[in-house]
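No experiment lies behind these values; they were computed from the predicted model shown.
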Amino acid sequence: MPPPLAGTRGTSVERRRVIELVPARLRVTEHRAEVVRCTTCGRRTKAEFPPGVSATVQYGPSILARALYLHDYQLLPCARTAEAMKELFGCPISAGTLATAVRRCATGLVETELKIKKGLRRSHIIHADETGLRVKGKLAYVHVASNERLTHYAADARRGKAAIDEIDILPAYRGTCVHDGWFSYTHYPDCRHALCGARLLRELTYFEELSEVTKAWAAPLKELLLEMKGVAECEGASVLAWRVEELTTRYDSLVAEGQEAQPPPDIPQLACRQARSLLRRLGRRKAEVLLFLSDP
């Protein structure tokens with residue numbers, strides 16, 4: 001039988017931790033405002049409630065913050081947000097209450113939105129895009145402008161210049177705007193334009209995989225753009241003129257080969273139009289495609 005260890009000093013301690021969520025519990029704070037009556041004049045005076053306490057029963061900011069996080073950041077619909085609030089926190093919340101909270105939050109963010117716009121207008125480079133989205137069953141567009149620190153979203157039924165003007169970031173912008181080549185961006189000549197390389201690579205990958213005929217020009221163009229990206233990243237602003245000329249010459253040759261191969265046989269008509277559109281963009285807007293090579 002081993003000797004008893006009672007009273008023996010330990011030589012070390014081994015730790016193991018189990019992390020659990022503490023069950024959420026609602027806490028109700030009741031505020032009472034005492035009413036007193038002057039014994040001389042009979043006037044009644046009531047104490048003031050704390051700021052923000054305006055209704056007989058209301059949700060506090062921590063509950064509304066969680067509901068807004070689920071609805072507006074995690075993009076849960078109203079009904080699922082209400083369901084999640086009930087199941088996770090034991091707090092049933094109606095769609096009407098959620099809508100009111102969204103409106104109040106949006107009103108409180110007006111100054112923040114103006115600061116985001118101001119920061120983007122002053123940025124050396126921004127990225128712009130417009131993406132289709134269903135709003136109340138109808139097609140609308142989410143216009144995005146962003147840099148490394150700031151992102152601005154605006155939903156509008158219009159995709160073009162009228163919506164971009166109303167958002168009021170690009171009309172006053174003087175830096176470099178990177179975008180997908182949508183025609184409406186050409187209405188803003190006071191800034192430099194660069195075409196998004198990631199989008200071009202996606203388009204070239206599509207034609208690389210579509211057929212052997214389109215692969216003949218799409219694959220080497222894709223490889224060349226990636227080679228140019230590597231050169232720009234390694235050499236920065238010190239890329240030698242002869243190196244830029246050599247890469248640009250190869251680019252022109254591959255674009256010309258692709259244009260001569262149009263329309264490719266045995267591919268859908270829509271794909272033919274898309275191929276011609278891409279190659280026209282690569283040719284006519286070469287300076288915008290290759291801006292990263294001269295200005296990393």
Side-chain angles (χ1 to χ4, degrees), residues 120 123-132 141-153 159 164 169-170 173-211 214-259 261-262 271 273-296:
L120 290 171
S123 179
H124 171 67
I125 181 170
I126 63 172
H127 306 268
D129 192 23
E130 69 297 327
T131 302
Y141 295 91
V142 176
H143 293 263
V144 183
S146 66
N147 61 16
E148 291 182 348
R149 295 180 56 253
L150 302 170
T151 301
H152 181 272
Y153 296 100
R159 185 185 181 188
I164 298 173
I169 294 176
L170 276 183
Y173 185 60
R174 300 296 181 267
T176 300
C177 179
V178 182
H179 52 77
D180 58 5
W182 173 238
F183 177 76
S184 295
Y185 294 120
T186 62
H187 292 291
Y188 306 96
D190 292 331
C191 66
R192 293 199 306 172
H193 296 267
L195 296 193
C196 174
R199 180 186 177 93
L200 293 173
L201 291 178
R202 287 198 301 270
E203 292 182 86
L204 289 169
T205 298
Y206 168 72
F207 289 109
E208 180 185 13
E209 298 174 351
L210 183 63
S211 73
T214 54
K215 181 179 180 179
W217 55 266
L221 261 175
K222 176 182 171 182
E223 293 174 5
L224 178 59
L225 286 176
L226 290 172
E227 180 184 346
M228 290 175 168
K229 177 177 180 290
V231 170
E233 289 176 339
C234 291
E235 302 182 25
S238 61
V239 181
L240 297 176
W242 69 267
R243 181 70 166 135
V244 174
E245 183 178 357
E246 183 265 336
L247 291 169
T248 303
T249 300
R250 289 165 55 193
Y251 175 89
D252 292 337
S253 176
L254 288 171
V255 171
E257 288 180 18
Q259 291 172 338
Q262 301 305 310
R273 291 199 300 269
Q274 292 171 334
R276 287 194 293 267
S277 174
L278 172 60
L279 288 163
R280 280 197 303 269
R281 202 181 330 135
L282 292 172
R284 295 175 182 176
R285 306 181 71 170
K286 178 178 70 172
E288 298 173 30
V289 173
L290 303 183
L291 183 60
F292 71 91
L293 190 59
S294 58
D295 183 0

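With Ser277 contributing its side chain and Arg273 its backbone, the two residues share no donor-acceptor pair below 3.5 Å. Checking side-chain atoms of Tyr185 against main-chain N and O of Leu170 turns up no donor-acceptor pair under 3.5 Å. Side chain of Arg281 to backbone of Gly181: no donor-acceptor contact under 3.5 angstrom is found. For Tyr173 (side chain) and Ser123 (main-chain N/O), a donor-acceptor pair under 3.5 Å exists by modelled atom type.
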Could you check Arg243 against Glu227 for salt bridge (Lys or Arg N to Asp or Glu O under 4.0 Å), going step by step and ending with a plain yes or no?
-> CA-CA 12 Å; Arg243 181 70 166 135; Glu227 180 184 346; 3.5 Å; yes
Take Leu293 and Val244, measure what side chain to side chain contact (heavy atoms under 4.5 Å, CB included) needs, and give me the verdict at the end.
-> CA-CA 7 Å; Leu293 190 59; Val244 174; 4.1 Å; yes
Side chain to side chain contact (heavy atoms under 4.5 Å, CB included) between Ile125 and Glu148, intermediate numbers included | CA-CA 9 Å; Ile125 181 170; Glu148 291 182 348; over 6 Å; no
Show the numbers, then the answer: is there a side chain to side chain contact (heavy atoms under 4.5 Å, CB included) between Tyr188 and Ile164?
-> CA-CA 10 Å; Tyr188 306 96; Ile164 298 173; 3.3 Å; yes
Please report the C-alpha distance between Trp217 and Val255 in whole Å, then the side-chain angles of each, then the deciding distance to 0.1 Å, and finally whether the side chain to side chain contact (heavy atoms under 4.5 Å, CB included) criterion is met.
-> CA-CA 7 Å; Trp217 55 266; Val255 171; over 6 Å; no
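Counting heavy atoms from C-beta outward, Asp252 and Lys286 have side chains that approach closer than 4.5 Å. Using a 4.5 Å heavy-atom cutoff, the side chains of Arg250 and Leu247 are in contact. Looking at heavy atoms from C-beta onward, Leu282 lies in side-chain contact with Tyr251 at the 4.5 angstrom threshold. Inter-residue side-chain proximity for Gln274 and Leu278 is flagged as unmet; no heavy-atom pair is nearer than 4.5 Å.
The 12-atom threshold is not exceeded at CZ of Arg284, counting heavy atoms of other residues, nucleotides or ligands nearer than 6.0 Å.
How far NE2 of His152 is from CG of Asn147: 13.0 Å, rounded to the nearest 0.5 Å. Arg159 CZ to Ser184 OG: the interatomic distance, rounded to the nearest 0.5 Å, is 7.5 Å. Distance CG/Leu224 to CG/Leu290: 8.0 Å, rounded to 0.5 Å. Annotation: the span from Arg280 atom CZ to Arg285 atom CZ amounts to 12.0 Å, rounded to 0.5 Å. If you take CD on Glu203 and SG on Cys196, they are separated by 9.5 Å, rounding to the nearest 0.5 Å.
Scanning both residues, Val239 and Glu235, for their nearest heavy atoms gives CA-OE1, 3.5 Å. Shown here for Phe292 and Ala232, the closest heavy-atom pair between the two residues is O-CB, 3.8 Å. Of all heavy-atom pairs between Tyr206 and Ala271, the closest is OH-CB, 3.8 Å. Between Asp180 and Leu195, the shortest heavy-atom distance links the atoms C-CD2, 4.4 Å. The two residues Ile126 and Ile169 make their nearest non-hydrogen contact at CD1-CG2, 4.4 Å. Ser146 and Thr151 get closest at one heavy-atom pair: CB-OG1, 3.7 Å.
Comment: Arg199 does not engage Asp129 in a salt bridge, judged by the lack of any side-chain N to carboxylate O separation of less than 4.0 angstrom.
Just one residue in the list Leu201, Leu200, Leu254 forms a side chain to side chain contact (heavy atoms under 4.5 Å, CB included) with Lys222, and that residue is Leu201.
With sequence neighbours excluded, the residues that form a ring pair (Phe, Tyr, Trp, His ring centres under 6.0 Å) with His193 are His179.
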